[in-house]
Structure formats: structure tokens, C-alpha cells
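As the structure lists them, so they are numbered: ligands from 1, and atoms in each ligand from 1. Values below: every heavy atom of this structure, side chains too, minus hydrogens, waters and symmetry copies. Not measured: the values here are computed from a predicted model.
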Amino acid sequence: MTAEQPPAAILWFRRDLRLDDNAALHAAIETGGAVVPVYIREPEGHNIGPLGGAQEWWLHHSLEALRKAVRELGSDLVLRTGAAVDVLADLAHETGAQTVFINRAYERDEQDRKIAADLDAKELRLTAFHGKLLHPPGRIKTGSGGSFKVFTPFWNAMQKLGEPREPIAAPTRIPAPKHFPKSQSLNSWALLPSKPDWAAHFSDLWTPGEQGAKEKLEAFIGNHLHDYKRGRDLPAIDATSNLSAHLAHGEITPARLWHATRDLPRSAAENVGHFRREVAWRDFCYSLLSEKPRLDEENWDRKFDAMEWLYDADEFTAWTRGQTGYPIVDAGMRQLWKYGFMHNRVRMITASFLIKDLMIDWRKGEKWFRDALVDADPANNAGNWQWVAGSGADASPFFRVFNPVLQGEKFDPDGTYVREHVPELAKLDKKYIHKPFDAPPQTLAKAGIELGTTYPKPMIDHGFARDRALAAYKRLRGAAEEG
Ligand SMILES: Cc1cc2nc3c(=O)[nH]c(=O)nc-3n(C[C@H](O)[C@H](O)[C@H](O)COP(=O)(O)OP(=O)(O)OC[C@H]3O[C@@H](n4cnc5c(N)ncnc54)[C@H](O)[C@@H]3O)c2cc1C
């Protein structure tokens with residue numbers, strides 16, 4: 001290093017696998033020194049829960065895409081395994097870096113504070129930036145300075161703040177160090193499943209990486225946004241952005257979404273408003289998570305600690321495999337298994353079925369989703385499971401029990417979604433597609449269905465299950481009032 005040349009800076013990529021609108025990258029380049037981009041595979045326990053299987057598949061492809069993009073700008077991506085502090089200290093030693101730049105990942109704030117302190121002791125500075133959310137958590141406050149527990153006032157207050165910050169354009173060059181530090185090979189991390197390759201269909205829908213995110217955003221604005229408000233509740237049509245997995249891996253920022261939907265014709269205003277409101281739910285879930293970092297384990301409403309959950313391993317397995325005998329539930333669970341994704345409306349129906357029809361603790365469902373979803377997100381997943389369970393902030397009340405037949409008939413009226421994901425019911429008359437158990441024998445025979453053989457009989461009677469759930473809730477409330 002010469003006197004005029006500033007020291008190298010380490011850019012530590014985490015859940016922000018992008019070059020566009022990346023404040024940490026921008027700041028690292030601004031130092032004027034070489035930039036050393038690194039992704040660290042931290043041992044289990046160094047993250048908020050291990051990364052789920054579906055997200056490991058995503059991570060492999062996303063890192064491949066990021067490495068290609070970084071190389072195109074004259075640099076490279078270092079891959080290392082180990083505790084973050086050790087890896088960063090080694091890299092600093094190898095490159096002469098004195099600062100590590102990161103974008104904040106609020107789910108690991110506590111862990112990052114410790115890392116910052118440990119690095120400090122080694123004379124390495126950790127500098128953090130915002131970008132993951134529309135507004136940093138804690139910025140949106142009630143009149144008395146507290147945090148919101150209800151979404152609508154949170155959203156109203158957010159809109160009063162005005163537009164989120166302008167996104168920062170991707171750099172055109174990343175200055176590289178003279179000698180690039182050694183990297184592990186991505187393949188050696190064995191992130192992709194094999195024997196069996198349960199992710200075989202993921203690439204039918206997903207192109208991990210920044211470019212894939214940009215294409216999804218353009219397709220959404222060009223083809224689907226105009227019908228978002230009506231279409232977003234109908235699982236048979238492609239009406240939503242499909243950006244959640246890209247957001248979860250930080251391949252695109254919500255500020256970019258906000259600004260991309262800014263200068264559209266006035267006729268789009270209502271749908272744009274609805275879309276932004278959904279994106280704001282993500283901020284809301286993160287504001288809850290910042291208040292309760294173990295949102296995936298602790299009931300927001302502690303009264304639910306006394307809920308009398310049941311657990312039957314065979315019932316749980318039938319739910320995970322889409323073999324409950326309720327077509328809309330089975331379609332959702334099979335969509336999840338095949339594509340690592342499930343439509344939002346059906347997430348609510350399948351979660352309600354697990355929690356209220358089977359009385360299985362929401363935490364079991366949250367973990368299953370976390371492993372199976374490509375968009376698994378510590379705030380959104382836990383926040384939404386608690387919303388369905390009734391244990392969350394601003395949650396749907398427990399006594400609102402979804403009827404899987406009526407939900408199916410309302411949101412998948414022709415049964416198109418069920419026919420796609422539960423092919424053994426494909427030929428069934430529309431009238432019975434959400435309740436094959438009510439179909440006359442000749443109707444079933446005509447569709448080639450034998451209940452209990454080609455497709456399961458309902459694993460539980462919904463009316464009985466509903467009464468059982470409401471009785472448990474009544475006891476819970478009674479106990480809370482007495483206590
Ligand atoms: C039980 C359950 C579990 C869920 N788990 C997750 C999860 O792990 N990760 C995840 O990103 N979303 C989760 N969601 C929320 C929602 O289902 C998905 O964000 C949405 O289906 C993703 O599709 P999309 O990108 O096309 O959404 P769009 O309708 O296009 O919405 C745009 C973006 O807004 C955000 N968003 C939309 N709805 C919600 C919501 N209810 N809460 C928070 N953010 C929202 C997402 O980032 C989404 O990508 C869950 C919902 C339920 C009911």
C-alpha cells in the first residue's frame with residue numbers, strides 16, 4: 001500500500017446478494033481502496049436457525065449469479081466457511097483491510113453487535129447500512145414514541161413519512177486487490193439436493209439472482225399489476241409479483257420496488273397502492289421482530305403459552321404431504337413441495353388447517369415452511385404464522401376458523417388450482433372439486449376416483465374440528481381471565 005492509496009475494505013455479503021441499491025458496496029467503493037467481496041458460510045448456530053433446504057438451493061444459484069456479476073465489474077467473490085469474526089480477521093490480515101462494510105439484517109442484530117465488538121478488539125471496524133426495508137425499523141413511531149402493534153396505523157404513519165430513500169445505482173466497476181484472497185469452491189458447499197433431487201421443478205419458476213428479480217419485477221409491472229387488487233387472492237392466476245424469494249435474499253430492495261411503481265399512469269394508482277401496502281407488511285413484520293427477536297418461538301400474546309395443542313405425527317405427515325383429504329389444503333402443500341412456494345391465500349388456509357383443524361402448534365408449521373419455502377423469511381414467516389394462530393400482534397382472532405371447502409369454492413371457484421396440483425382429482429365435476437367426499441359414487445367413478453385409495457378421505461371432520469378448537473380457545477380465555 002502506498003501513502004496515497006487507502007487500505008482495502010471488506011464487503012461482507014449476507015442476505016443482500018445484489019449490486020444494485022447496495023449502500024454497503026457503494027460506501028466500500030467510496031473509500032477509494034480495493035474492495036474484497038466475501039460471503040461466509042457460518043456454522044450452524046451462527047445464524048437465526050439453519051438455512052432451510054429450499055433456500056440452500058436458492059443460495060447456490062444466487063451466489064453463482066452474484067459471482068458472475070462481480071467478475072463482470074473486474075472483481076471476484078471470496079467464499080469462506082467459519083465463524084464470521086475469524087474469517088473477517090483472516091481476510092483483513094491477508095489484504096490489509098481495516099473496515100468491514102455490511103447491510104444490516106435485522107434478524108441478526110444481536111449477533112452482529114457481538115461480531116462488531118469482537119472485531120473492534122482486533123482493530124477492525126464494522127460499518128452497517130440500511131436498505132433491507134422501506135424504512136429502518138424504529139423510524140415509524142406512534143404519537144407517544146412507541147412502536148405500532150396494529151398494521152393499519154403503522155401503514156398510515158409510514159405514508160406520512162413520504163417516499164422511501166432513492167435507490168442507488170449499481171457500480172460500473174469494483175476495484176480489486178492486487179492479489180485476490182483464496183476462495184472455496186461453491187460446489188464444495190454441497191448446497192444442491194441430490195438423491196433425490198426434490199428441487200427438480202424449482203427452476204421451472206425461479207431464476208435466483210438479481211437479473212431474475214429484475215425480470216420478475218418488469219413482468220409484474222407490465223402484465224399483472226393492473227389486476228393486482230382483484231387477482232392477488234386467486235391462486236389459479238399469476239397476479240402477484242413472485243418477488244418474495246428475491247426480497248428474502250436481498251437480490252432486490254423494497255425501495256427499488258417502490259420507485260419502480262412511481263411514475264405509472266394514474267389508472268394504476270389503486271393497484272399500486274395495494275401492492276405497496278403488501279410490501280409494507282414486510283416492514284411491519286420486521287418491526288415486530290425487532291421488538292421480539294424470537295418471534296419464531298415465543299407467542300407474541302403470552303396467553304397462548306397455555307394453549308392445549310395436540311400432536312399426532314401421522315396427522316402432521318399427512319399435512320406436509322398434501323394428503324389431508326381437503327383438496328385446497330392438499331393442493332397448497334403439494335405446490336409448496338414441488339416449487340418451494342405457495343400462494344398467499346392458500347398459505348392462510350393450510351396454516352389454519354394445521355393450527356385449528358389439527359390443533360398442532362403453529363411453531364411446527366412455521367418450521368416446515370421455513371425448510372420448504374424459497375422465500376422463507378424470519379420476520380414474515382413467523383409473523384404470518386402468529387397472525388393465523390391468533391397469537392400475534394394485530395392477528396386474525398383464533399375463533400375465525402377457515403372452512404377449507406368454502407375457502408376453496410370462494411377463491412378457486414373452477415377448481416383450476418386444485419386440478420393443477422392434485423391431478424388425481426382433475427376429472428372431477430366442478431361442483432365437487434372442493435368436497436369429493438360429498439360426491440355421489442357414480443360421479444367419483446366417472447372421474448376415476450376411489451376415495452381412500454386414489455385420493456384420501458378427509459382426515460378429520462371439519463365441523464368436529466372447529467368445535468374442538470373453539471372449546472380449547474374458550475378454556476384458554478377462561479384461564480387467562482381467572483389468572
Ligand atoms: C402462514 C404464512 C407464512 C408466510 N411465510 C412467508 C415467508 O416466509 N416469507 C415471505 O416473504 N412471506 C411469507 N408470507 C407472506 C406471503 O404469503 C408472501 O410474501 C407472498 O405470498 C409472496 O408472493 P409475492 O411475492 O408474489 O407477493 P406479492 O403479493 O407480490 O407481495 C409483494 C411483497 O410484499 C411482501 N408481502 C406480501 N404479503 C405479505 C405478508 N402477508 N406479510 C409480509 N410480507 C408480505 C412480500 O415481500 C412480497 O414479496 C407468509 C404468509 C402466511 C399466511
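- For a threshold of 3.5 Å applied to N or O pairs, the pair formed by Ser244 and ligand 1 contains at least one separation below that value.
- Ligand-side atoms of ligand 1 in range of Ala376: 8 (O), range being under 4.0 angstrom from any heavy atom.
- In plain terms, the two heavy atoms of Asn22 and Asp16 that are nearest each other are ND2-O, 3.9 Å.
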Verdict with reasoning, Asp301 to Lys149, per salt bridge (charged side-chain N to carboxylate O under 4.0 Å, His left out) | CA-CA 11 Å; Asp301 177 351; Lys149 310 287 183 282; over 6 Å; no
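- With respect to Asp112 and Arg14, a salt bridge is recorded, a charged nitrogen being found less than 4.0 Å from a carboxylate O.
- Not one N or O of His343 is nearer than 3.5 Å to an N or O of ligand 1, by distance alone.
- At the shortest separation from atom 44 (N) of ligand 1 among protein heavy atoms lies Asn380 ND2, 3.4 Å.
- Among all non-hydrogen protein atoms, the one lying nearest atom 33 (C) of ligand 1 is Val279 CG2, 4.0 Å.
- Nearest to atom 24 (P) of ligand 1 among the protein's heavy atoms is Asn242 N, 3.6 Å.
- For Phe275, the heavy-atom gap to ligand 1 drops under 4.0 angstrom.
- Closest heavy-atom contact between Leu19 and Pro171: O-CD, 3.6 Å.
- Contacts between Leu247 and ligand 1 below 4.0 angstrom, taking non-hydrogen atoms only, involve the side chain exclusively.
- Contact annotation: Phe220 has no heavy atom less than 4.0 Å from any atom of ligand 1.
- Within the 4.0 Å heavy-atom criterion, the part of Leu373 lying near ligand 1 is the side chain and not the backbone.
- Using a 4.5 Å cut-off on side-chain heavy atoms (C-beta onward), Lys214 and His246 make no contact.
- Remark: distances from the non-hydrogen atoms of Phe284 to ligand 1 are all 4.0 Å or more.
- Checked for salt-bridge contact, Arg41 and Glu56 meet the test: a charged N lies under 4.0 Å from a carboxylate O.
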Intermediate values then yes/no, salt bridge (charged side-chain N to carboxylate O under 4.0 Å, His left out), Glu278 and Arg282 = CA-CA 7 Å; Glu278 290 309 310; Arg282 185 170 169 274; over 6 Å; no
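- The protein atom (non-hydrogen) at minimum distance from atom 6 (C) of ligand 1 is Arg347 NH1, 3.3 Å.
- Counting protein heavy atoms only, atom 17 (O) of ligand 1 is closest to Asn344 OD1, 2.7 Å.
- Shortest contact from atom 3 (C) of ligand 1 to any protein heavy atom: Asn381 OD1, 3.4 Å.
- Residue Arg282 has at least one heavy-atom neighbour below 4.0 Å for each of these atoms of ligand 1: 43 (C), 44 (N), 47 (O).
- Under 4.0 Å from ligand 1, the heavy atoms of Phe341 that appear belong solely to its side chain.
- One finds a salt bridge joining Asp21 and Arg165 here, because a Lys/Arg side-chain nitrogen approaches an Asp/Glu carboxylate oxygen to under 4.0 Å.
- The single protein non-hydrogen atom nearest to atom 38 (N) of ligand 1 is Glu278 OE1, 3.2 Å, given as residue, atom name and distance.
- If you run salt bridge (Lys or Arg N to Asp or Glu O under 4.0 Å) between Asp296 and each of Lys367, Arg370, Arg363, only Arg370 comes through.
- The closest approach between a heavy atom of Arg232 and any atom of ligand 1 is not below 4.0 Å.
- Glu210 contributes a side-chain N or O that, together with a main-chain N or O of Asp20, makes up a donor-acceptor pair within less than 3.5 Å.
- Heavy atoms of Ala248 come nearer than 4.0 angstrom to ligand 1 in no pair at all.
- Below 4.0 Å from some heavy atom of Asp377 lie the following atoms of ligand 1, by number and element: 7 (C), 8 (O), 9 (N).
- Per-residue contacts place Leu243 under 4.0 angstrom from the following atoms of ligand 1 (heavy atoms of the residue considered): 25 (O), 49 (O).
- Using a 4.0 Å cut-off between a side-chain N of Lys or Arg and a carboxylate O of Asp or Glu, Glu107 and Arg294 do not qualify as a salt bridge.
- For ligand 1 and Met348, the ligand atoms under 4.0 Å from any heavy atom of the residue are 53 (C).
- With respect to atom 42 (N) of ligand 1, the closest heavy atom belonging to the protein is Asn384 ND2, 3.0 Å.
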Verdict with supporting geometry, Arg108 and Glu42, salt bridge (charged side-chain N to carboxylate O under 4.0 Å, His left out) = CA-CA 13 Å; Arg108 52 176 295 165; Glu42 296 165 272; 2.8 Å; yes
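- Those atoms of ligand 1 that come under 4.0 Å of a heavy atom in Asp375, given as number and element, are 7 (C), 8 (O), 9 (N), 10 (C), 11 (O).
- In the model, Asn403 has no side-chain atom that pairs as donor or acceptor with a side-chain atom of Tyr326 under 3.5 Å.
- With Phe402 as the aromatic partner, Lys356 does not meet the cation-pi criteria of under 6.0 angstrom to the ring centre and within 45 degrees of the ring axis.
- Considering each of Phe151, Trp281, Tyr228, the one bringing a non-hydrogen atom nearest atom 31 (O) of ligand 1 is Tyr228.
- Residue Asn103 comes nearest to Ala23 through the heavy atom pair OD1-N, 3.9 Å, listed as atom of the first residue, atom of the second, then distance.
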